[in-house]
Amino acid sequence: MDVILSLPIVSYFAAPMLTSWSTSMNLLFFYMTWSTLVLSHSPLKIELIGTLAVRLVFWLLPSLLFLLFDTAVPSLSESIKIHGSASVPRRHASSLSKQGALAIFNLALFTALQAGISIAATTLLNRPLFKTSTTLPLPWQMIKHIVTLFTAREVLTYYIHRHILHARRRGTIAKLHAQYAHAYKTAAPYSLMLYADHPLPLALSRLLPVYLPSLVIRPHLLTYFLFTLLTTVEETLSMSGYSVVPGIIMGGITRRTATHYASGGKGNYGAWGMLDWFSGTSVGKDVVQDMRDEAEKHHVQERGRKAVDDTGSLVKDGFEGLKKGRKGRKVKGGEK
């Protein structure tokens, strides 16, 4: 439990932008807690428990809440689901139980696999796989590593998805992926399906693009935790199938993911959509169209705000003109 409670990295990441006394105290508290954690536990234990905690809190718990909402009030759920009622999970207890059990099994399997890789790498390198020390990483170094990791993840996700999981000549892995991940056709996915795939294609599509770049770069463990947190939140939301996911980027990712599943995997292979747009494998609206649509909405809002501001300025100028006129008449009256 102390491992889970010792990961308030958001306060550290935002510290250079905030200078309040409370922020300084939070940073000091975080440093003391992190130092105690590093000195009292092994790097492997911190890595595994921290990564597992992130996935439990930011994937499993929200997925179960989304599933409860979808099955408890399907009439309300279908109104905010992409592709409507077809995307609402079927209310079959046995089917959902098997899917949930498979997802939890895969999560446990990946945690064990990550443990094996970390132990082997630590033995080979004679040092922890990730930099685990009381010295905290610099915020700009974290940003640089996060950008690099996301870029590498996008490239790996796209080419693995396109050329292995949805290859023209379907091999064993592609058939397993189609059988498990794309069992429900013509519908958007739901978040529990994120880990409800056969372990082999799931390891290639979800674990490898996140873990392999981290093995190459070997960032600070806090940077790896932040990267894992961001990708987990992104994947959970993108697999939710909801049309109300906010944001220019996140809303577009969710729509493209829903279209990927509804089309049976005919396109939209990347997470962010840039490689799909460049390679011509987008299905439905591509990332550029999504950004244009959102930009038009924001321009409309900006014009509305500008009109309000202009009206306010006119009113203010009018009041100031009246005040000056009254003062001028008072001065003239005094002179007479």
[Y] reachable from [X] in the ILVMFWY side-chain graph, under 4.5 Å edges:
| X | Y | result |
| --- | --- | --- |
| I46 | I117 | yes |
| L212 | I160 | yes |
| L76 | I80 | yes |
| V54 | V57 | yes |

Could you check whether any side-chain N or O of [X] sits under 3.5 Å from a backbone N or O of [Y], counting only pairs where one atom can act as donor and the other as acceptor?
| X | Y | answer |
| --- | --- | --- |
| E154 | W272 | yes |
| S87 | I82 | yes |
| S263 | H260 | yes |
| T123 | I119 | yes |
| S77 | V73 | no |
| S240 | L237 | yes |
| Q289 | D286 | yes |

Spatial distance of atom CG (L194) from atom CZ (R206) [nearest 0.5 Å]
5.0 Å
So, S282 versus D276: side-chain donor-acceptor pair below 3.5 Å or not?
no
Do Y190 and S63 pair up side chain to side chain, a donor and an acceptor below 3.5 Å, judged on atom types alone?
no
Flag the pair [X] / [Y] as yes when their ring centroid distance falls below 6.0 Å, and as no otherwise.
| X | Y | answer |
| --- | --- | --- |
| F105 | Y195 | no |
| H145 | H220 | no |
| F66 | Y242 | yes |
| H166 | H161 | yes |

Between L48 and A115 the two heavy atoms that sit nearest each other are CD1-CB, 3.4 Å
Go through the steps to decide whether S118 and E47 satisfy the test side chain to side chain donor-acceptor pair (under 3.5 Å), and finish with yes or no.
CA-CA 9 Å; S118 295; E47 175 196 342; 2.9 Å; yes
Is E234 salt-bridged to R153, going by a charged N under 4.0 Å from an acidic O?
yes
